[in-house]
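Here the structure is laid out as structure tokens; the discussion comes afterwards.
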Amino acid sequence: MGDALFGAGSWALAEAHATRAPSSTFAYEFAWRSEALDGQLGATHAIELPFVFDTTGLPVLNGPHAMLGPRRPPAGLAARVHGAWVRFARTGDPGWARYDDRRRSTMHIDAEWAVVEDPRSEERRAWSVQLPARG
């Protein structure tokens, strides 16, 4: 469901922007997994927002039934994510490799960060198949 709701559209948008826009395209995959709901929440859509705004310390976000779960996020992760977003807002560059239609460089964000080329390529290709028109 995640690919259907978010992945396919995000991949298509990144591809289109990278090949047509005069500005740079940057991609990320936020992979830190919340242990909320007995670990079922995981790295769900929008889980990165408290990190982007550096608000992971808010009590309402922490605990067994809260968005970030009972385990504290890795030390410094929120500050680093927030810093990348501020840098992007100021300069247009978050500090990692640009996305293009060849390498598809994507920053994998977790306790450790790493640029990954064309992550989840099989899924991306499956969702980009053009089906014949019906009529």
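When a residue number appears, it is its place in the shown sequence, counting from 1.
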Notebook entry, point to check: Can you hop from Phe88 to Leu49 via hydrophobic side chains spaced under 4.5 Å?
Noted result: yes
Check: Of all residues at least two apart in sequence or in a different chain, which pass the side-chain hydrogen bond (donor to acceptor under 3.5 Å, both in side chains) check with Thr55?
Finding: none
Note to self: Let me confirm one number: the CG-CD distance from Leu77 to Glu48, rounded to the nearest 0.5 Å.
What the structure shows: 11.0 Å
Check: Do Met107 and Val81 share a hydrophobic cluster (ILVMFWY, side-chain heavy atoms under 4.5 Å, transitive)?
Finding: yes
Checklist line | Any residue meeting salt bridge (Lys or Arg N to Asp or Glu O under 4.0 Å) with Glu15, in chain and number order, not counting sequence neighbours | finding: Arg104
Next item on the list: Only counting residues at least two apart or in another chain, list the ones meeting side-chain hydrogen bond (donor to acceptor under 3.5 Å, both in side chains) with Ser105.
Entry: Arg103
Notebook entry, point to check: Is there a donor-acceptor pair closer than 3.5 Å between any side-chain N or O of Trp85 and the backbone N or O of Phe51?
Noted result: no
Margin query: For Asp100, give me all partners under salt bridge (Lys or Arg N to Asp or Glu O under 4.0 Å), at least two apart in sequence or on another chain.
Written below: Arg102
Margin query: Tell me whether Phe30 shares a hydrophobic cluster with Val116, the cluster being built from Ile, Leu, Val, Met, Phe, Trp, Tyr side chains joined at under 4.5 Å.
Written below: no
Note to self: Assigning hydrophobic clusters by single linkage (Ile, Leu, Val, Met, Phe, Trp, Tyr; side-chain heavy-atom cutoff under 4.5 Å), is Phe53 placed with Ile109?
What the structure shows: yes
Note to self: Going by salt bridge (charged side-chain N to carboxylate O under 4.0 Å, His left out), name the pairs with one or both residues in residues 69-90, residues two or more places apart or in two chains.
What the structure shows: Glu35-Arg71, Arg87-Asp93
Check: Distance-only, no hydrogens or angles: does the His108 side chain make a donor-acceptor pair with backbone N or O of Trp113 under 3.5 Å?
Finding: no
Item checked: Contacts of type side-chain contact (heavy atoms from CB on, under 4.5 Å), residue Met67, not counting sequence neighbours -> Ile47, Pro50, Leu61
